[in-house]
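The structure is given below, and queries will be raised subsequently.
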Number of protein chains: 2
Amino acid sequence: MQRHLTTIIDIARQLGISKSTVSRALTDHPNVNAKTRQRVLELAEQLDYQRNQLAISLLTNQTRTIGILVPEFISYFFPRVIISAQQVLTKAGYNVVICQSGESYEMEVSNAHTLLANRVDGLLVSHTKETRNFDHLRTFQRKSIPVVFFNRVCEDMNVPNVTVDDYRGAFVAVEHLIQSGRRRIAHLAGPDSLPNTRNRLNGYRDALLHYGLPIEPELIISYDLTLEKANIYINHLLNLPQPPDALFTINDPTAIEVLKVCRSRGLHVPNELAIVGFSNDPISELVEPGLTTVVQPVDDLGREAARLLLNAMEGSATEMPERVVLPTQLIVRGSS
Amino acid sequence: MQRHLTTIIDIARQLGISKSTVSRALTDHPNVNAKTRQRVLELAEQLDYQRNQLAISLLTNQTRTIGILVPEFISYFFPRVIISAQQVLTKAGYNVVICQSGESYEMEVSNAHTLLANRVDGLLVSHTKETRNFDHLRTFQRKSIPVVFFNRVCEDMNVPNVTVDDYRGAFVAVEHLIQSGRRRIAHLAGPDSLPNTRNRLNGYRDALLHYGLPIEPELIISYDLTLEKANIYINHLLNLPQPPDALFTINDPTAIEVLKVCRSRGLHVPNELAIVGFSNDPISELVEPGLTTVVQPVDDLGREAARLLLNAMEGSATEMPERVVLPTQLIVRGSS
DNA sequence: ATTTTTTTTGGGAATGTTCCCAAAAAAATA
DNA sequence: TATTTTTTTGGGAACATTCCCAAAAAAAAT
């Protein structure tokens with residue numbers, strides 16, 4: 001594997017000039033003779049020279065690369081956020097490296113180390129559902145590499161973050177169910193470790209309280225977001241002596257799973273069971289009946305996260321870290 | 001931004017030994033006193049030292065990073081392929097950098113340059129629908145950086161590639177429609193620039209020929225994969241004086257779009273129009289009726305692509321480049 | 001023609017690491 | 001104790017680039 005890529009020195013040698021001059025010609029530095037620049041540019045083109053970003057990064061101590069660390073990107077949510085963040089960052093002249101941890105804490109730590117070793121200039125992160133120890137991310141902070149959380153945030157770390165208004169989204173969703181006459185509203189919640197799970201749960205609780213409905217512990221189940229478990233719990237809820245007349249789920253895939261179970265049990269949606277999801281996956285408008293759900297502004301989320309990171313990297317990081325909460329919105333479809 | 005990260009030299013100085021010794025201690029080199037190693041390791045931990053991968057890569061001329069270049073990753077397909085490729089590559093000790101070009105040729109070229117400047121050791125690529133000139137990828141070849149195509153391949157370039165059996169998949173899909181009594185089978189095809197579009201089109205044609213059915217040019221429409229266009233063409237087909245009784249589409253999202261149009265026009269599926277998609281998106285089993293489709297072995301695709309790349313990077317690249325074609329399979333659901 | 005100014009060029013340090021070679025220290029042998 | 005062998009250490013080159021400073025060349029001014 002003795003491939004040799006053209007360097008600035010090769011060009012200098014062939015032209016009988018110094019590497020400094022070549023460097024200047026290649027970097028649009030003013031102090032270079034027009035004709036010399038021309039010759040350099042031509043030879044560079046001819047040898048298809050490609051500047052070695054590694055050497056430059058080593059020297060300047062910045063890579064102009066930012067890392068994005070997400071738990072997964074199969075679902076619709078993260079890819080969309082990443083794309084919109086990437087647009088902003090690319091425009092600002094940064095490269096983007098994406099790592100996904102497959103919801104595994106171990107993988108997340110390993111990815112964090114890789115990004116650190118590769119000297120990213122900043123980090124955008126949404127942690128796994130398993131993550132409880134944030135040392136691997138604090139390391140970035142300690143080395144003063146800006147970190148911004150989005151969607152899944154660690155409130156203990158004193159860094160900027162962007163979330164959607166999970167509490168309000170959940171409140172409005174449950175309020176809608178109550179106002180359409182439901183009285184036994186179950187909630188299939190996510191893992192307790194995630195702040196947005198907790199916020200949605202609080203929204204659910206407060207909506208019930210606000211309308212004078214009892215909070216029944218047997219109607220609240222938190223689970224690990226795997227569809228197998230979802231299935232078990234959905235059936236468990238429907239088999240209760242007093243089954244719920246509505247089900248509010250932590251996300252749309254779960255709600256779709258509920259829809260499938262109802263279909264297989266011959267339960268009519270929404271007459272016998274109303275369903276409300278969360279996130280407005282594209283699937284939610286394709287199923288029959290359409291799924292009532294809470295919209296998360298995915299594009300804004302990515303854009304804002306990128307903006308906060310750029311601020312932190314380029315601006316003064318002394319102020320109180322900015323925390324953005326984006327509004328959510330209920331979309332009512334056939335399932336409720 | 002004068003952050004200084006701990007280096008091997010800081011450790012050496014604090015311990016009053018040379019950087020060579022520190023380096024040895026840190027890299028598990030045998031020629032180092034056990035006690036010295038211990039001291040180095042402890043201090044490294046304490047200062048949370050992180051080796052600078054840039055410096056190492058510069059020195060060794062390999063980054064142990066491989067680039068994955070895809071047109072998009074919103075759809076289900078690419079994320080899945082990437083994840084399975086990533087698993088293989090991670091296990092082999094490589095980092096993975098993912099770039100998405102948003103189906104834009106310009107962005108693809110720019111991404112290719114970035115990856116080259118960052119000195120990736122290998123490239124996994126599925127090009128955009130706009131890509132007709134492959135110079136930006138040939139550059140890798142010229143610099144003897146292994147390239148492997150997957151799914152969307154450039155047959156002119158003499159590199160390994162992995163595809164699914166698009167021809168056979170399409171043939172079997174259309175055969176199934178014919179055998180269930182359809183006679184006017186339309187095909188909504190992808191852009192001509194993509195080989196898999198062409199292969200699927202050939203499969204469609206040959207199936208018709210094989211069963212003695214005429215090929216009607218008015219029933220074959222290629223389009224650019226945007227859903228807005230899909231909508232227009234679907235309506236166009238259904239408005240024909242002699243509308244089709246079946247529609248075979250280039251992919252599942254398109255087929256779902258057909259389903260939606262049928263729903264809004266009150267057309268019964270499959271009685272009045274049978275629909276067959278391609279790729280077995282998870283959505284396809286959630287819609288009503290379930291979508292008949294052709295399964296692409298996404299995980300195998302990623303795994304094989306990674307394997308071929310590892311071969312090319314580590315093995316002898318002299319032989320004829322390997323080309324893998326993975327089998328497809330028809331899944332019949334309610335839409336046909 | 002000489003001096004001053006401007007433009008253009010070259011040399012060398014610096015970035016953080018590994019690896020080779022020589023030197024020093026320690027251990028083993030005579 | 002002296003010599004040989006083994007273990008451990010240090011010094012410096014190399015990787016590709018940028019940037020500073022000085023030197024050379026060219027142009028302008030006297």
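Protein chains get the first letters and strands the later ones, always in sequence-line order, with residue 1 at the start of each. These values consider heavy atoms only, across backbone and side chains, with no hydrogens, waters or symmetry-generated copies. Since this is a predicted model, take the numbers as computed values, not measurements.
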Can a side chain N or O of B/Arg51 be found less than 4.0 Å away from OP1 or OP2 on C/dT18?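 Result: yes.
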
Between C/dT18 (C1') and B/Asp28 (CG): distance, integer Å: 15 Å

In this structure, which one of B/Glu103, B/Arg152, B/Glu108 forms a side-chain hydrogen bond (donor to acceptor under 3.5 Å, both in side chains) with B/Thr131?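 Testing each of B/Glu103, B/Arg152, B/Glu108 against B/Thr131, the sole residue satisfying side-chain hydrogen bond (donor to acceptor under 3.5 Å, both in side chains) is B/Glu108.
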
How close or far is atom P of D/dT17 from atom CZ of A/Arg13, stated in whole angstroms?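 Atom CZ in A/Arg13 sits about 12 Å away from atom P in D/dT17.
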
Determine yes or no for a side-chain-to-main-chain donor-acceptor pair under 3.5 angstrom, with A/Ser101 supplying the side chain and A/Met107 the backbone. no

Contacts of B/Gln38 that satisfy side-chain hydrogen bond (donor to acceptor under 3.5 Å, both in side chains) - sequence neighbours left out: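 B/Gln38 satisfies side-chain hydrogen bond (donor to acceptor under 3.5 Å, both in side chains) with B/Glu42 once adjacent residues are dropped.
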
A/Gln100: side-chain hydrogen bond (donor to acceptor under 3.5 Å, both in side chains) partners, not counting sequence neighbours: B/Gln86

Sequence neighbours left out, what passes side-chain hydrogen bond (donor to acceptor under 3.5 Å, both in side chains) with B/Asn151? Give chain and number order. B/Asn196

Output the rounded distance in Å from CD (A/Gln62) to C1' (D/dT17).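 Distance, rounded to whole Å: 14 Å.
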
Atom-pair distance (CG on A/Leu54; P on D/dT17), nearest Å: 10 Å

Contact class for B/Thr27 vs. all strands (heavy atom < 4.0 Å): base, sugar-phosphate, or nothing?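 The residue B/Thr27 makes sugar-phosphate contact but no base contact.
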
Check: B/Ser126 side chain, B/Phe150 main-chain N or O, donor-acceptor pair, under 3.5 Å: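 Flag set: sc B/Ser126 to bb B/Phe150 pair under 3.5 Å.
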
Quick test: give all pairs of protein nitrogen or oxygen and nucleotides 6-10 of chain D nitrogen or oxygen below 3.5 Å, distance rounded to 0.1 Å.
| residue | atom | partner | partner atom | Å |
| --- | --- | --- | --- | --- |
| D/dT9 | OP1 | B/Thr36 | OG1 | 2.8 |
| D/dT9 | OP2 | B/Asn33 | N | 3.1 |
| D/dG10 | OP2 | B/Ser18 | N | 2.7 |
| D/dG10 | OP2 | B/Ser18 | OG | 3.2 |
| D/dG10 | OP2 | B/Thr21 | OG1 | 3.0 |
| D/dG10 | N7 | B/Arg24 | NH2 | 3.1 |
| D/dG10 | O6 | B/Arg24 | NH1 | 3.3 |

Length of the CZ-P vector between A/Arg64 and D/dT17, whole Å: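 After rounding, the reported distance stands at 19 Å.
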
Heavy atoms from C-beta onward define the side chain here; which of D/dT17, C/dT17, C/dT18 lies closest to that of B/Ser23?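 From the listed options, C/dT18 comes nearest.
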
For atom CD of A/Gln50 and atom C1' of D/dT17, their distance in whole Å: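 For the pair A/Gln50 CD and D/dT17 C1', the rounded distance is 14 Å.
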
Let me know the distance between CG of B/Leu58 and C1' of C/dT18, rounded to the nearest Å.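 To the nearest whole Å, that distance equals 11 Å.
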
Restricting to non-hydrogen atoms, name the atom on B/Leu54 and the atom on A/Leu58 that form the minimum distance, rounded to 0.1 Å. CD1-N, 4.1 Å

Given that both distances must come in under 3.5 Å, which nucleotide forms a Watson-Crick or G-U wobble pair with D/dA29?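 In the structure as shown, D/dA29 has C/dT2 as its Watson-Crick or wobble partner.
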
What does B/Ile56 touch in the nucleic acid at a heavy-atom separation under 4.0 angstrom: a base, only the sugar-phosphate, or nothing? sugar-phosphate

Not counting sequence neighbours, which residues clear side-chain hydrogen bond (donor to acceptor under 3.5 Å, both in side chains) with B/Thr63? List them please. B/Asp121

Please report the shortest heavy-atom distance between B/Pro297 and B/Val164, naming the atom on each side. CD-CG1, 3.6 Å

By nearest nucleotide on DNA chain D, pick out whichever of A/Asn52 and B/Leu59 is the more 5' one.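 It is B/Leu59 whose nearest nucleotide is closer to the 5' end.
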
Whole angstroms only, please: what is the CD-C1' distance between B/Gln53 and C/dT17?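 Value for this atom pair: 10 Å.
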
Sub-3.5 Å pairs of nitrogen or oxygen atoms, protein against nucleotides 22-26 of chain D:
none

